[in-house]
Structure formats: structure tokens, C-alpha cells
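To start, the structure under review is shown below, and the notes come after it.
Note that the structure is a prediction, hence the values are computed from the model and not measured. Order of the sequence lines fixes the chain letters, A, B, ..., with proteins taken first and strands second; residue numbering starts at 1 for each chain.
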Number of protein chains: 2
Amino acid sequence: MGKPKILIKNLYEILQSEKFDCIRWTDNGRAFIIVDPEEFQKSIMPEYFYSTQIKSLYRQLNSYGFKMRSLEINQKMFSHKWFIQGNISSLYKVERQRTKSIAHLDKEKDSIVIMREEMKQLKEELETLQSQQNSILKQIRIHSIIQTYICKNIKKICDEQKKFNLEREQETRLVIYFTSMFEIFKGFQFEIASNIILQLKDIGGPQTPSFSPMIFPYM
Amino acid sequence: MGKPKILIKNLYEILQSEKFDCIRWTDNGRAFIIVDPEEFQKSIMPEYFYSTQIKSLYRQLNSYGFKMRSLEINQKMFSHKWFIQGNISSLYKVERQRTKSIAHLDKEKDSIVIMREEMKQLKEELETLQSQQNSILKQIRIHSIIQTYICKNIKKICDEQKKFNLEREQETRLVIYFTSMFEIFKGFQFEIASNIILQLKDIGGPQTPSFSPMIFPYM
DNA sequence: GGGAATATTCCC
DNA sequence: GGGAATATTCCC
């Protein structure tokens with residue numbers, strides 16, 4: 001339990017003391033009326049408050065959350081949820097209210113909290129990105145290795161092809177050789193010779209390579 | 001040009017008026033001394049200031065940046081860069097100083113603004129990174145497809161090669177066979193020779209493939 | 001009625 | 001000496 005603020009305590013005391021006619025509780029004790037502001041200012045304020053201006057008191061009451069109602073000319077009635085006759089134990093609840101400008105500061109603080117959250121999220125996203133990046137780099141390295149391997153093998157194939165083409169030429173030469181042999185065999189029965197030649201003709205492998213070189217981007 | 005604050009103006013007036021003995025300028029006019037604080041409080045404060053406590057005045061002067069020096073018991077000397085006898089035009093420069101706690105708040109605000117800026121930038125950078133990463137992933141996918149395609153084609157080539165090599169071996173063998181046959185059959189009757197040659201048609205070549213299939217990761 | 005500057009008091 | 005709560009004044 002806090003203590004009631006001085007202002008509130010003084011106000012309550014003034015109202016209770018019944019020494020003053022210029023201020024009084026309403027009948028139900030849930031509000032008070034400053035009946036004679038001028039008198040109040042003259043006789044009470046110098047004793048109980050710092051200020052000599054009753055307007056200052058109004059301002060104070062306002063900042064403590066009192067509701068003000070204007071009655072007859074110059075008479076004001078003030079009421080506050082926790083400022084009730086006989087209810088001393090709730091007086092401490094009558095507190096200054098935060099001004100909007102201060103509430104604004106609170107909002108700023110909230111926005112810092114939010115920003116911290118966002119920052120945390122950003123960091124996490126960044127970490128995700130970084131690890132993704134790492135795995136991408138690994139993938140690229142793998143692809144690079146595979147490509148090197150592919151290129152080597154293509155080279156092998158091409159060499160093989162080349163060698164083979166050379167051999168094939170030799171082969172052709174052999175055929176020519178054979179043919180000329182048959183020339184030599186002139187005088188032999190023609191059927192026999194032609195049979196041999198026919199045989200040789202079929203022995204030749206596929207003549208046109210079915211291999212057409214593809215275009216590889218990485219060579 | 002601003003106007004001097006009431007407190008400063010009053011203080012200067014009091015000092016200039018020479019009506020009061022309890023406060024006076026120093027000889028060089030760059031400071032003033034409250035010679036008799038009690039007298040000052042009693043006779044001057046009620047008229048010129050809100051407060052009746054001289055300590056409040058000290059507090060005020062402090063918050064306006066006056067330097068205080070204690071002289072003899074109870075005597076205080078105050079000085080301020082811009083509070084100089086005869087120099088009325090600089091009085092307006094004597095201003096309340098922001099309390100450290102408020103300056104601190106200002107710093108906080110500044111740092112929030114900076115943080116917001118940084119946050120915004122970070123977000124943008126992150127987005128750039130993410131979109132770049134996405135396009136990199138797409139590229140990798142394309143490369144992967146190309147590699148698969150390449151590998152498939154190499155396989156085709158290898159199969160072809162294999163098939164071809166088998167045939168070739170048969171061929172080569174036949175040629176060697178023939179050649180040696182002709183050597184052997186020299187002088188034999190041609191009918192016999194041709195019969196033997198017809199037999200050779202059925203001879204299967206060697207079965208072992210000279211080609212060892214490559215291992216491709218994407219097959 | 002209430003924001004904001006200034007003043008006062010309280011307190012370490 | 002100065003931070004911080006409270007009060008007062010000024011002003012829209």
C-alpha cells in the first residue's frame with residue numbers, strides 16, 4: 001500500500017476539517033465543490049499549497065485525473081473514483097497520470113522491443129542464407145568435379161575414335177591389298193575368286209560412324 | 001535573439017537595483033555573491049521568486065549552469081559565462097541545461113532512428129541475397145539437367161563404341177586369319193582353299209569387350 | 001483540458 | 001551537485 005500524495009492528503013484534510021466554508025463535500029461524499037474560489041485562494045492556498053493561483057490547483061487536480069464540472073459562475077465540482085469521503089484507504093490510488101508525451105516514450109520503448117524481435121529474425125534468416133550458401137558452394141564444387149570427369153572421358157572417347165579411324169584406314173588398305181592379291185591370282189577360276197571377294201566385302205564393319213559429336217558447353 | 005528567462009532577468013534586476021545589501025556583483029562584474037542568504041530569502045525571494053526557500057534558488061541557478069563557490073559560512077558566489085554586469089544582450093543565452101537523463105533519452109532516440117535505418121538496409125540486403133540465392137539455385141538445377149543429359153549421351157556413345165569394338169575385333173581377327181590362311185594355303189588347290197574360307201564365315205570373334213564402362217554420377 | 005516549459009522540493 | 005518526482009505557470 002502506498003501513501004497518499006501530499007496534495008491529496010491536504011485536500012482531504014481541508015475537506016474534513018470543516019473549518020472552511022469555501023469548500024465542501026457533496027452530499028453523497030463522492031465529489032467536492034469549491035464554493036468560493038476567491039476565498040479559497042486567499043485563505044487556504046497559501047497555507048496548504050505552494051501556489052497562490054487557484055488555476056494551479058485546477059491544473060493539479062486535472063493531472064491527478066479529477067473530473068471537473070462547472071456549476072454556478074466560478075463554482076467548480078471535482079470528482080475522482082478514489083477520492084471519496086470516509087474512504088481514506090483508497091486515497092493513495094489517486095495518482096498523477098502519465099502525460100501523453102510520456103506515454104509516447106513508452107511506445108518508443110515498445111518499438112525497441114519489436115525492433116529487437118525483428119533483428120533476431122533477420123539474424124536467423126541471414127544464418128539460414130549463409131548455410132544455404134555453403135551447401136550451394138558444395139554442390140557447385142561437386143558439379144565442377146563431375147564436369148571435369150565428363151570432359152576427361154569425352155576426350156578418351158574421342159581419342160579412341162581417332163585411333164579407330166586410323167585403324168580403319170589400315171583396314172581399307174588391307175582390302176586393297178587383297179584385291180591386288182586377287183589380281184595376282186588371275187588365271188584362277190573366276191567364281192572362286194569372286195566368292196572370296198564377296199566374303200571379304202561382308203567382313204567390313206559398319207562404315208559410317210553413328211557417332212555424331214555433341215556440343216558440350218564445357219570443353 | 002531570444003529573451004532572457006524571467007529568473008535571469010529578475011536576478012539581474014535585483015543586482016542592478018542596488019536596493020539590496022544582501023546580494024552584490026563581484027568587483028569585475030563577472031560573478032555575484034549572496035552575502036546574506038537569510039536576509040535574501042526573507043526580503044527578496046517572496047517578491048521575485050515563487051519559492052521561499054533559498055535552496056530552491058541554488059537549485060535553479062545550478063540547472064541554469066551557474067558555477068557555485070562557497071565563500072565564508074553561508075556566503076555563496078555564482079558565476080556564469082553569459083551572466084555579466086552590463087552585458088544585458090547576452091543574458092538570453094543563460095538557459096536551462098538539459099539534465100543528463102534527458103540528454104540520454106535524446107541519444108536513445110537518435111540511436112533508435114539509426115537502428116531503424118540500419119534495419120531497413122539489412123532487410124533490403126537480405127532480400128537481395130535471397131533473390132540472388134534463388135536464381136543461383138535455378139542455375140544449378142539447369143546445370144544439373146545439362147549434366148544428366150550429357151551423361152546419358154556419353155552412355156549412348158559408349159554403348160555404340162562397345163558394340164562397334166566387338167565387331168571390329170571380329171573383323172581384325174578375320175583379316176589376320178585370312179592373311180595367315182593365304183600364307184598357309186599357298187600352292188593349295190583353289191577349290192579346297194575357297195571351301196575352307198566359306199567355313200570361316202561362321203567363326204565367332206573374341207567375346208571380351210575391351211571397353212570398361214565409366215561410372216557417371218547421374219545415370 | 002492538457003502539452004510543455006519552468007520551478008520547487010525531495011532525496012541520494 | 002544533480003536526478004527525479006512533483007508543482008506551477010504559460011499557452012494553445
Side-chain angles (χ1 to χ4, degrees), chain A residues 2-12 14 34 37 40-41 44-71 74 76-80 83 91-109, chain B residues 2-12 14 34 37 40-41 44-71 74 76-80 83 91-109:
Chain A
K3 274 191 265 181
K5 304 291 182 194
I6 294 262
L7 178 90
I8 303 305
K9 207 179 113 206
N10 285 345
L11 196 59
Y12 191 84
I14 290 163
I34 295 175
F40 183 91
Q41 178 168 320
I44 300 184
M45 293 213 42
E47 188 180 351
Y48 287 91
F49 306 104
Y50 302 118
S51 171
T52 53
Q53 301 298 114
I54 195 148
K55 267 210 78 181
S56 287
L57 180 68
Y58 296 164
R59 183 72 193 83
Q60 277 283 81
L61 293 174
N62 170 276
S63 76
Y64 272 89
F66 278 83
K67 306 288 176 199
M68 181 170 87
R69 241 180 80 192
S70 291
L71 306 178
N74 273 339
K76 310 273 183 188
M77 182 169 86
F78 294 89
S79 61
H80 188 288
F83 192 78
L91 286 183
Y92 79 95
K93 292 182 186 169
V94 182
E95 285 180 308
R96 300 195 126 236
Q97 294 178 320
R98 314 210 70 178
T99 152
K100 274 182 192 168
S101 62
I102 288 177
H104 183 255
L105 273 178
D106 285 352
K107 266 188 199 166
E108 289 270 293
K109 275 186 188 171
Chain B
K3 274 190 265 178
K5 304 291 180 192
I6 295 261
L7 177 90
I8 304 305
K9 207 179 116 208
N10 285 345
L11 195 60
Y12 191 84
I14 290 163
I34 296 176
F40 184 91
Q41 177 168 319
I44 299 183
M45 294 215 40
E47 189 180 350
Y48 286 90
F49 306 103
Y50 301 117
S51 172
T52 54
Q53 300 299 112
I54 195 149
K55 268 212 78 181
S56 286
L57 180 67
Y58 296 163
R59 183 73 193 84
Q60 277 282 82
L61 293 173
N62 169 276
S63 76
Y64 272 89
F66 279 84
K67 306 287 176 199
M68 182 171 88
R69 241 178 80 191
S70 290
L71 306 178
N74 273 339
K76 309 274 185 190
M77 181 169 86
F78 294 89
S79 62
H80 188 289
F83 192 79
L91 286 182
Y92 79 93
K93 291 183 188 170
V94 183
E95 284 180 312
R96 301 197 123 234
Q97 294 179 320
R98 314 214 69 178
T99 155
K100 273 182 193 169
S101 62
I102 287 176
H104 183 253
L105 271 178
D106 283 354
K107 268 188 198 166
E108 288 268 292
K109 272 186 189 171

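- Listed by chain and number, the residues in a side chain to side chain contact (heavy atoms under 4.5 Å, CB included) with B:K5 are B:I8, B:Y64 (sequence neighbours excluded).
- Residues satisfying the side chain to side chain contact (heavy atoms under 4.5 Å, CB included) criterion with A:Q53, sequence neighbours excluded, are A:Q41, A:S51, A:S56.
- For B:R96, the side-chain hydrogen bond (donor to acceptor under 3.5 Å, both in side chains) test picks out B:Q60, with sequence neighbours left out.
- At C:dG2, one or more side-chain N or O atoms of A:N62 fall inside 4.0 Å of OP1 or OP2 (strictly under the cut-off).
- The closest side-chain heavy-atom distance from B:L61 to B:L57 is below 4.5 Å.
- Scored by the side chain to side chain contact (heavy atoms under 4.5 Å, CB included) test, B:I6 finds B:N10 as partners (sequence neighbours excluded).
- Legend: residues meeting side-chain hydrogen bond (donor to acceptor under 3.5 Å, both in side chains) with A:N74, ordered by chain and number and at least two apart, are absent.
- The overall bend of the helix from C:dG1-D:dC12 to C:dC12-D:dG1, read as the angle between its terminal helix axes built from five base pairs each, is 10° when rounded to 10 degrees.
- The separation between B:L61 atom CG and D:dG1 atom P is 11 Å, rounded to whole Å.
- Taking B:F49 as the reference, nothing meets the ring-ring contact (aromatic ring centres under 6.0 Å, His included) condition, with sequence neighbours excluded.
- Rounded to whole angstrom, the span from the CD atom of B:Q97 across to the P atom of D:dG1 amounts to 13 Å.
- If you look at B:Y58 and B:F66, their ring centroids are not closer than 6.0 Å.
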Along nucleotides 6-12 of chain C, 5' to 3', which nucleotides get a B, which get an S, and which get a -, given that the test is a protein heavy-atom distance under 4.0 Å?
-> SBBB-B-
